[in-house]
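Remarks on the structure that follows.
Labels below follow one simple rule: chain letters A, B, ... track the order of the sequence lines, proteins then strands, and each chain is numbered from 1. Since the structure is predicted, the reported quantities are computational estimates derived from the model, not experimental observations.
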Number of protein chains: 2
Amino acid sequence: MATVGRMAGVSQVTVSRALSDPSKVSQETLKKIRDAIDATGFVPNAIAGALASQKSMLVSVLVPSITNITYTSMISPFNAVMRENGYEVLLSETGFDLEDEEKLIAAHLSRRPDAMLLTGIRHTGAARRALLGASIPIVEVWDVTETPIDQCVGFSHSEAGRAVADFVIDSGYERAGSVSAGDERALRRKTAFAERFARRSGTDVAEVNFEAQASLANGRAGLAELIDQQGFKNGVIFCSSDILALGIMVEARARGLSVPEDVAVIGFGDQDFAAHTDPAITTVRVDREALGREAAKAMLKRFSGQTPLQPFTDIGFEIVRRKSC
Amino acid sequence: MATVGRMAGVSQVTVSRALSDPSKVSQETLKKIRDAIDATGFVPNAIAGALASQKSMLVSVLVPSITNITYTSMISPFNAVMRENGYEVLLSETGFDLEDEEKLIAAHLSRRPDAMLLTGIRHTGAARRALLGASIPIVEVWDVTETPIDQCVGFSHSEAGRAVADFVIDSGYERAGSVSAGDERALRRKTAFAERFARRSGTDVAEVNFEAQASLANGRAGLAELIDQQGFKNGVIFCSSDILALGIMVEARARGLSVPEDVAVIGFGDQDFAAHTDPAITTVRVDREALGREAAKAMLKRFSGQTPLQPFTDIGFEIVRRKSC
DNA sequence: TTGTACGCGTTATCAT
DNA sequence: ATGATAACGCGTACAA
């Protein structure tokens with residue numbers, strides 16, 4: 001800036017002002033400064049700016065996995081809104097591991113983000129303390145609790161599971177199975193589903209759970225295990241993800257079973273293919289884009305000094321009836 | 001650090017040393033410092049560190065889309081390798097727009113990343129100049145050229161297209177179509193495929209191109225258009241993505257057509273579902289994880305002062321024959 | 001509208 | 001093994 005200023009015949013501060021608030025600088029000097037910037041190829045140093053202003057204009061985001069559309073489809077609109085407001089996003093993946101999350105939180109906090117977005121409401125004690133100590137806005141997403149660290153926006157996974165149980169029972173199904181994969185939240189949906197279904201129908205739910213992330217292959221393997229090992233038939237299967245549901249449909253067809261007549265399926269997530277498979281997949285829709293935008297809004301409001309009436313935002317979910325169940 | 005030092009009875013500098021190179025500090029003072037850090041909850045300020053050392057330990061990554069597995073599956077291992085080496089990743093999406101990429105490059109450069117990863121080899125002139133001016137390692141991925149800005153690691157999309165043409169002709173197909181979606185690279189594959197196929201078979205390739213990103217719905221619509229508008233039948237369809245191929249298989253089945261007998265399909269990407277559909281999808285595999293790791297290695301080598309013999313790394317591709325073609 | 005002086009929290013250099 | 005001091009490049013008073 002000093003160099004640019006020298007070329008333009010002004011001081012360093014004036015250059016700084018020209019960049020941060022052009023209205024505070026006269027038209028002529030502004031032009032001289034712009035010319036000098038073009039001539040030198042000057043690129044402002046945001047690091048120095050952050051150190052001086054104590055604002056990094058950086059928000060950090062931690063998700064379990066960046067290859068999973070469930071999370072990236074929230075993050076993408078979140079990013080967009082934040083960028084419109086001048087913030088950049090530092091994104092890392094925790095790999096579904098709370099200890100790793102703790103380390104990442106420390107690493108991110110070192111960079112003095114102006115706020116932080118976390119996936120889920122479970123964190124280690126040390127992580128929680130570090131977060132509190134940072135005294136910046138924290139938004140936890142993809143789950144809700146009445147006692148977030150700061151704010152949260154998401155939905156109740158248990159309620160979703162119960163709603164699916166009610167839905168399938170009201171649809172007349174008397175037997176049910178479940179195929180789950182991935183994270184702890186999928187398990188919570190499954191557990192709530194199984195409890196409610198068993199209570200209302202008097203029949204236990206046959207379960208298959210995978211540690212690994214959801215995949216079409218896991219869906220196929222899940223149906224195979226349900227049928228071959230657990231003698232499952234003539235019922236509905238609740239999957240923790242649409243891709244598992246698709247896998248079940250593929251496996252069913254390969255076995256000459258028809259969906260939904262022989263095996264009915266209900267997925268989760270309403271991914272973009274769910275409406276276009278044959279039969280189309282009945283599923284639970286969560287508006288992940290809206291969730292990302294809401295999270296960004298919550299953060300921005302905090303930046304402008306506002307405190308929300310409630311510390312949590314429940315964006316809910318919706319069961320979309322299609323043809324697979 | 002000054003506060004921590006006071007508690008431990010040493011100066012600020014010693015605290016800095018204890019953190020950056022503990023071997024330069026005696027055992028006793030090290031312990032005192034660590035206790036003081038625990039007591040105060042001190043979190044080092046990486047911004048100040050970056051300003052002083054002129055090293056941000058940050059690398060920036062620009063991809064067209066973070067919701068697209070094609071890119072995230074490269075970025076994930078890239079991240080992992082970089083983090084093991086102490087670097088954090090600043091990730092943004094360009095939305096397939098070169099102008100937006102240019103703006104993002106400027107924004108990222110402001111944060112003084114130690115290196116930058118770009119997707120693709122096409123950039124605006126201004127972007128190219130800014131990149132050169134930053135004089136940091138630049139790695140362009142997902143494509144190859146003999147004249148990268150700095151280094152590149154990827155594969156030739158044209159060659160891939162031609163290889164697919166040769167593959168299907170050698171497999172005996174006499175008619176071909178293509179369904180493409182998404183980015184410019186997909187179009188290059190398609191064009192090379194069509195040229196080679198037409199030249200060897202004497203028959204033109206029926207084409208459907210979507211501006212939007214690949215989806216199952218687009219795959220279905222693509223086959224519908226090929227059949228209904230262009231009278232396509234009894235041939236093979238080259239898709240720019242496995243999800244399009246799956247869409248074509250779904251649409252074919254819905255029309256009572258069997259794959260590969262009535263319509264054969266070859267995808268691209270070898271996504272994890274491709275091997276598990278029924279029939280399994282014949283596709284072009286690119287080792288995206290290896291690509292990400294290679295990109296990280298290339299960057300790290302540059303950090304340690306090494307200059308590669310070649311400015312480009314061609315990681316190639318492989319046609320995986322399964323049942324859909 | 002513009003400039004001076006100082007501080008942000010580290011690392012690097014040179015002493016001791 | 002430890003400390004004093006000077007950058008690093010900007011923003012924020014405050015003054016002119």
Side-chain angles (χ1 to χ4, degrees), chain A residues 1-34 36-37 40-58 86 88 106-114 133-136, chain B residues 1-34 36-37 40-58 86 88 106-114 133-136:
Chain A
M1 280 189 175
T3 311
V4 170
R6 223 168 293 131
M7 279 191 62
V10 294
S11 75
Q12 172 263 35
V13 222
T14 308
V15 179
S16 171
R17 267 193 285 258
L19 257 23
S20 57
D21 186 359
S23 73
K24 299 174 103 178
V25 172
S26 77
Q27 291 297 325
E28 337 162 45
T29 59
L30 198 55
K31 178 167 175 10
K32 282 191 236 162
I33 290 174
R34 292 220 166 110
I37 288 178
T40 53
F42 168 74
V43 178
N45 186 327
I47 293 183
L51 186 61
S53 67
Q54 303 289 71
K55 293 194 335 187
S56 62
M57 298 306 281
L58 199 72
E88 220 64 50
H108 278 228
L109 250 25
S110 250
R111 301 206 177 258
R112 296 294 186 270
D114 290 336
S135 53
I136 52 173
Chain B
M1 280 188 175
T3 312
V4 170
R6 223 168 292 132
M7 279 192 61
V10 295
S11 76
Q12 174 266 126
V13 216
T14 308
V15 179
S16 172
R17 266 193 287 257
L19 257 22
S20 58
D21 186 358
S23 74
K24 299 174 105 180
V25 172
S26 78
Q27 290 298 323
E28 337 162 47
T29 60
L30 198 55
K31 179 168 173 8
K32 281 190 238 165
I33 289 174
R34 292 217 165 113
I37 288 179
T40 54
F42 168 76
V43 178
N45 186 326
I47 293 184
L51 184 62
S53 67
Q54 304 289 71
K55 293 193 337 187
S56 62
M57 296 307 280
L58 198 72
E88 220 64 50
H108 278 230
L109 250 26
S110 251
R111 301 205 178 259
R112 297 294 187 269
D114 290 337
S135 53
I136 52 173

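Across all their heavy atoms, Ala18(B) and Ile33(B) have their closest contact at CB-CD1, 3.8 Å. The two residues Ser56(B) and Ala50(B) come nearest to each other via the heavy atoms CA-CB, 3.8 Å. Nearest heavy atoms, Val43(A) versus Arg112(B): O-NH2, 2.7 Å. Nearest approach of Leu51(A) to Ala48(B), heavy atoms of both residues: CD1-CB, 3.8 Å. When all heavy atoms of Met1(A) and Leu19(A) are compared, the pair lying nearest together is CE-CD2, 4.0 Å. For the pair Leu30(B) and Val25(B), the tightest heavy-atom approach, listed with the atom from each and the gap, is N-CG1, 3.9 Å.
Between Thr29(A) and dT1(C) there is no side-chain polar atom (N or O) within less than 4.0 angstrom of OP1 or OP2. Taking only side-chain nitrogens and oxygens, Thr14(B) never comes nearer than 4.0 Å to OP1 or OP2 of dT2(D).
The interatomic distance linking Met57(B) (CE) with dT10(C) (P) rounds to 16 Å, in whole Å. Across the protein-nucleic acid pair, Lys31(A) atom NZ and dT1(C) atom C1' stand 19 Å apart, rounded to whole Å. In this structure, the CZ atom of Arg111(A) is 17 Å from the P atom of dG9(C), given to the nearest Å.
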Letter per nucleotide, 5' to 3', of nucleotides 5-16 of chain D [B base touched, S only sugar-phosphate touched, - untouched; heavy atoms, 4.0 Å]: ---BBBBB----

